[in-house]
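The block underneath contains the structure these notes are about, expressed in structure tokens.
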Amino acid sequence: MKIHEWEPFLRTWSAERDAAGRTGDPARPSRGWLGFDPAAPEAITALEIRLGAPLPPSYRAFLEVTDGWRWAGEFVELLAPAAEVGLLRAMTASAHEELTLWEAEDLDEAAYEDGEEEDEGDGGDEEEHEEYESARWNRAVQISLAGDRTWLLLDPGDIGADGEWAAYRYSSWSGSGPVRHGSFADLMRAEYEGFRALRIPGAVS
């Protein structure tokens, strides 16, 4: 999705979600636009100052259309307005801890498969190991506020040639760990496709 196409894409999503919600209850009031007013330029600038970096193009363009979003997919009820975006470790310590542990276990498994594990009894009980710190999850930016144990995140340390930051969806109940996307736009497209798969039988994207 091109960054200048946010508004038609989001209005289509709003209309489809509204229609899907009214399928079983035609009398239900229309929800209409799932977004909000655009973020003020000063709010976007303030967010960039807090994060210490320019926002990735697709996320900045999104905020210029709507300062947050209701129902990003089926498991995220609210994307944060610019003023409430922050570091994952400060906003949701439990998710930060889970992701750090997940990464540490992945590294241990990779080391085991590469034959780099230490033999038991090789002084391991006598050594004090520092608690694992994940650079990726320490810097991760949380952009969602409410959801079913599901968070949407951006990684300002994983930047593509186009200036986009890697984006993640993490559901603690999934058992499959965080899912990486190349950009915020790719993440939102995946959430939209997930909504359609669950709410619009036979939908073809």
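Bear in mind the structure is a predicted one, so any value in this text is a computation, not a measurement.
A salt bridge links R169 and E191; the closest N-O separation between the charged side-chain nitrogens and carboxylate oxygens is under 4.0 Å. A salt bridge is absent between R180 and D155; no separation between the charged side-chain nitrogens and carboxylate oxygens falls under 4.0 Å. Note on E74 versus R196: no salt bridge recorded, every NZ/NE/NH1/NH2 to OD/OE distance being 4.0 Å or above.
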Quiz prompt | Test log, rule side-chain contact (heavy atoms from CB on, under 4.5 Å), inputs L79 and M188 | solution = CA-CA 11 Å; L79 288 188; M188 287 292 277; 3.9 Å; yes
Quiz item: Are L10 and T66 close enough, and set up right, to give a side-chain contact (heavy atoms from CB on, under 4.5 Å), and what steps lead you there?
Solution: CA-CA 9 Å; L10 295 174; T66 176; 3.8 Å; yes
Practice problem: Please step through side-chain contact (heavy atoms from CB on, under 4.5 Å) for the pair V85 and Y59, ending with a clear verdict. | Solution: CA-CA 12 Å; V85 171; Y59 185 52; 3.3 Å; yes
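Within the 4.5 Å cutoff, the side chain of I44 has no heavy atoms near those of the P41 side chain. The closest side-chain heavy-atom distance from P178 to W151 is not below 4.5 Å. R60 places a side-chain heavy atom less than 4.5 Å from the side chain of E48. Looking only at side-chain heavy atoms (C-beta outward), I200 and E16 come within less than 4.5 Å of each other. Between P81 and L145 the shortest side-chain heavy-atom distance falls below 4.5 Å. At a threshold of 4.5 Å between non-hydrogen side-chain atoms, the residues F184 and L63 do not count as touching. Contact annotation: the side chain of E98 approaches that of R149 to within less than 4.5 Å [non-hydrogen atoms, C-beta and beyond]. Using a 4.5 Å cut-off on side-chain heavy atoms (C-beta onward), V141 and P156 make contact.
Taking the six-membered ring where the residue is Trp, the centroids of W69 and W33 are separated by under 6.0 Å. The aromatic ring centres of F75 and W173 sit less than 6.0 Å apart. Here Y170 and W137 keep their ring centres 6.0 angstrom or further from each other.
Side chain of T150 to backbone of G147: no donor-acceptor contact under 3.5 angstrom is found. For D67 (side chain) and A82 (main-chain N/O), a donor-acceptor pair under 3.5 Å exists by modelled atom type. Using modelled atom types, one side-chain atom of S144 and one backbone atom of L152 make a donor-acceptor pair closer than 3.5 Å. Side-chain atoms of N138 come within 3.5 Å of backbone N or O of S134 as a donor-acceptor pair. Between the side chain of W165 and the backbone N or O of P57 there is no donor-acceptor pair closer than 3.5 Å.
Heavy-atom minimum distance, A167 versus S183: CB-O, 3.5 Å. In this structure, D18 and G32 approach most closely via the heavy-atom pair OD1-N, 4.1 Å. Scanning both residues, P56 and E164, for their nearest heavy atoms gives CB-OE1, 3.5 Å. Closest of all the heavy-atom pairs between P38 and E64 is CB-O, 3.2 Å. Contact record, H181 with A190: CE1-CB, 3.4 Å, taken as the closest heavy-atom pair. When all heavy atoms of G73 and F195 are compared, the pair lying nearest together is CA-CB, 4.4 Å.
Other residues, nucleotides and ligands contribute only 12 or fewer heavy atoms inside 6.0 Å of the CZ atom of R199.
Separation of atoms CD (E193) and CG (L198) is listed at 11.5 Å; rounding is to 0.5 Å. One finds the CG atom of L154 at 8.5 Å from the CG atom of L55 (value rounded to the nearest 0.5 Å). The CH2 atom of W6 sits 6.0 Å away from the CZ atom of F62 when rounded to the nearest 0.5 Å. In this structure, the separation between NE2 on H96 and CG on L153 is 10.5 Å, given to the nearest 0.5 Å. Interatomic distance, I143 CD1 to M91 CE, rounded to the nearest 0.5 Å: 10.0 Å. To the nearest 0.5 Å, atoms CG (D148) and CD (E77) are separated by 8.0 Å.
Under the 4.5 Å side-chain heavy-atom criterion for ILVMFWY residues, a single connected hydrophobic cluster contains both L47 and L187. Tracing side-chain contacts under 4.5 Å through hydrophobic residues (I, L, V, M, F, W, Y), one never reaches V179 starting from V76; they form parts of separate clusters.
A side-chain donor-acceptor contact under 3.5 Å links R136 and Y168. A donor and an acceptor atom, one from each side chain of T100 and E133, are nowhere located under 3.5 Å apart. Counting only N and O atoms by type, the side chains of S94 and T92 include no donor and acceptor under 3.5 Å apart.
The side-chain tip of R70 points at the ring of F36 from less than 6.0 angstrom away and within 45° of straight on.
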